[in-house]
Amino acid sequence: MAWYPALEQLDPLITFDQFLEKIRLFGRPGLLGFFNYVEATEVFMLAEKHSPPLNVFTLIVLEEHKTSPPEEQIIINAPKRITIPECKGCSFGVYRYFKPLEEFIASLQHFQNAGQWNASGSSLTIGTLTPLLPQFVPADQTDSVPLNGALKNNFWNGSYVLELFDNEKSNFNCFFTSPHQLQALSQELTKFVPLRLASLSDRLGNIIIQIPSNIGAFKLGSSKNDENFYSFAWREGVKKRRTQLVAVSEVDRSIIAFGANQVSKGRSWELSIGKAPKIDRTYLFDLENQILLASSQTCAFIKEINLEMNPIDSEPRTIYLPANNGDPEKIHLHISSSMGPTKIGQQHFFNYKKWIQKRIYQAEMDTLQAQKEFVQYGLVSDEENEHNRALVDIRALLQQHGRKEVLLWDPFLSAHDIMKTLFFTPHFGSRLRALTSGKACTLFKSQAVDSPHKDINAETWKRFQVDILNTPGNNYRGLQLEFRISYGPSVTAFHDRFLIFPDTNHGPVAWSLGTSVNSLGKSHHILQKVVHARPVADAFQVIWNKLEDNKYLVWKRP
């Protein structure tokens with residue numbers, strides 16, 4: 001059980017008393033709505049070493065009920081618990097309960113005083129939780145907000161979110177070392193609740209309190225002459241207040257339109273902000289209570305549609321594919337021709353945006369090369385210098401990003417390659433992992449001059465690599481490295497080459513090498529930064545986890 005004093009920080013941004021006061025403020029009748037109950041959905045894990053169950057994720061939503069909701073807990077995934085094949089000895093469940101708002105606040109006070117989470121009436125094991133400052137989460141529009149993957153029906157004005165954050169997440173290491181297990185759990189959970197937990201791994205173990213803004217109707221519209229406007233109407237029976245709307249439109253990160261309007265009490269209103277192609281952010285403030293009543297993400301209206309017809313040709317293309325048995329395979333492929341496009345609507349006053357979108361370079365090439373985000377090799381014929389230049393760039397990336405962990409993924413990786421790259425990581429104790437495949441052994445045999453080397457198997461190849469890595473004179477100071485090989489019929493074959501840094505101050509980053517380490521600079525290839533580094537790191541981890549058996553280990557230090 002977590003005990004509340006563990007929540008205290010030396011200089012907290014918000015204390016637990018202030019956290020409670022914010023819930024009382026936002027839950028006050030007539031401020032954001034007329035809330036009288038909470039609906040709680042708790043995802044829990046039952047494990048042999050945990051009793052009572054462990055909180056995986058809890059969402060509590062303030063709601064309005066004219067009649068009393070059910071008092072008993074509702075087991076949503078009844079009668080069978082959720083199980084994940086690789087989570088041995090664990091099962092998962094989801095239950096829901098309703099509680100009067102005041103009783104829920106009393107449960108929070110009990111948690112503060114006793115360190116026990118039992119808002120449902122049953123105890124739940126929790127981690128060490130830290131209260132966060134209130135967040136206002138707008139609805140998804142052109143852009144999506146990650147937290148909306150967990151919130152309930154946040155479609156309209158937006159919601160305040162108050163969150164108790166599990167900073168350690170020590171109970172969920174299995175999900176971070178094997179992300180596919182979290183993906184499997186998330187897929188099972190979506191059969192019962194609309195919760196995309198795999199995309200919110202940072203929220204594991206957290207308790208989220210959602211307070212929707214239901215105080216009025218706030219919407220964006222567009223007139224026939226392409227004027228964008230906002231309107232707001234107060235909900236019947238609420239106290240009307242002075243409000244202010246601020247809206248901004250940007251193109252190419254420059255502000256091209258801005259609208260602001262302050263409205264006195266008792267009025268609904270409409271505000272025009274011109275013919276901007278999109279609205280990037282809007283805020284509706286309650287000036288009297290200094291809170292947000294609504295906010296919006298980037299949104300735009302469809303003002304032009306391009307239609308293109310592709311009628312199927314009367315005669316298909318015939319293809320004869322050669323086959324191993326000598327009899328070609330006959331295939332008919334239906335092909336189509338293009339008619340159009342036909343344009344409906346006009347957006348001529350935004351034509352200049354097309355040139356912005358067609359901009360060839362998003363950044364100067366010298367900047368990209370300096371940051372090693374896009375570097376070409378092999379444009380000159382000096383292989384040795386180009387190879388050394390590529391190695392210098394790899395070592396620069398190790399220096400910049402490899403403070404905590406480095407993954408080198410190359411199907412032809414050898415001990416020589418590791419010594420020329422990962423051995424140059426300058427950070428003491430950084431966790432280094434290298435992954436190769438049976439192709440490295442095949443390459444070694446094809447390049448072998450001595451006939452005995454042409455008949456080596458994987459075990460013999462591993463001994464050659466160990467001899468190289470154990471070269472006398474190396475002191476391995478501060479080196480923490482593990483080298484594995486993926487080989488045999490039951491393992492996953494791979495082709496791509498990556499240098500991955502899964503744990504940096506800015507999240508995971510990764511580079512595609514474009515070729516194997518042994519071929520760096522020897523022919524044309526491109527070293528480039530990967531846009532989506534997290535899935536690449538996760539893919540490495542999935543294959544790495546399958547190679548736990550000692551037969552896949554090549555070398556490890558210490």
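Note that the coordinates shown come from a computational prediction; the quantities given were computed from them, not determined experimentally. This chain uses plain numbering: 1 for the first residue, then up along the sequence.
- In terms of heavy-atom proximity, D202 sits nearest to F165 at O-CZ, 3.1 Å.
- Q528 has its side chain out of reach of W511: every pair of non-hydrogen atoms, C-beta onward, lies at least 4.5 Å apart.
- K169 and R203 get closest at one heavy-atom pair: NZ-C, 4.0 Å.
- The side-chain heavy atoms of I500 and V406, taken from C-beta on, include no pair separated by under 4.5 Å.
- No more than 12 heavy atoms of other residues, nucleotides or ligands shown are found within 6.0 angstrom of CZ on R403.
- By the neighbour-count criterion of 12 heavy atoms within 6.0 Å, atom CG of L379 is densely surrounded, having more than that number from other residues, nucleotides or ligands.
- Residues R433 and Q541 have side chains that bring a donor and an acceptor to within less than 3.5 angstrom of each other.
- A 4.5 Å side-chain heavy-atom check between P411 and H495 finds every atom pair outside the cut-off.
- With a 6.0 Å cutoff to the six-membered ring centre and a 45° limit on the axis angle, K372 does not count as a cation-pi contact of F374.
- Looking at every heavy atom in both residues, G205 comes nearest to N55 through O-ND2, 3.2 Å.
- One side chain, E163 or Q135, offers a donor N or O that lies under 3.5 Å from an acceptor on the other.
- Pairs passing the ring-ring contact (aromatic ring centres under 6.0 Å, His included) check and including a residue from residues 520-558, sequence neighbours excluded, read Y377-H525, W409-F540, Y476-W555, Y487-Y552, F540-W544.
- Contact between A533 and A510 at its shortest, heavy atoms only, is CB-N, 3.7 Å.
- The pair R557-E482 does not count as a salt bridge, with every side-chain nitrogen at least 4.0 angstrom from each carboxylate oxygen.
- By the 4.0 Å N-to-carboxylate-O rule, R484 lies close enough to E548 to be salt-bridged with it.
- Atom-to-atom distance recorded for D410:CG and L499:CG is 10.5 Å, nearest 0.5 angstrom.
- When side chains are defined from C-beta on, V137 counts as touching N148, because their heavy atoms get closer than 4.5 Å.
- The 12-atom threshold is not exceeded at CD of E315, counting heavy atoms of other residues, nucleotides or ligands nearer than 6.0 Å.
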Determine, step by step, whether T436 and L408 satisfy the side-chain contact (heavy atoms from CB on, under 4.5 Å) criterion, reporting the C-alpha distance in whole Å, the side-chain angles of both residues, the deciding distance to 0.1 Å, and the verdict. CA-CA 9 Å; T436 190; L408 182 55; over 6 Å; no

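- Here R463 pairs with nothing under the salt bridge (charged side-chain N to carboxylate O under 4.0 Å, His left out) rule; sequence neighbours left out.
- The shortest distance between side-chain heavy atoms of L413 and L435 does not fall below 4.5 Å.
- Using a 4.5 Å heavy-atom threshold, the side chains of F494 and S437 count as touching.
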Solution key, residues 423-432 side-chain donor-acceptor pairs under 3.5 Å, sequence neighbours excluded:
unit_1: T425; atom_1: OG1; unit_2: L422; atom_2: O; d: 2.9
unit_1: H427; atom_1: NE2; unit_2: L398; atom_2: O; d: 3.4
unit_1: H427; atom_1: NE2; unit_2: Q399; atom_2: O; d: 2.8
unit_1: S430; atom_1: OG; unit_2: G402; atom_2: O; d: 2.7
unit_1: S430; atom_1: OG; unit_2: K404; atom_2: O; d: 3.4

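- By the 4.5 Å heavy-atom criterion applied to side chains, R497 and S512 are not counted as neighbours.
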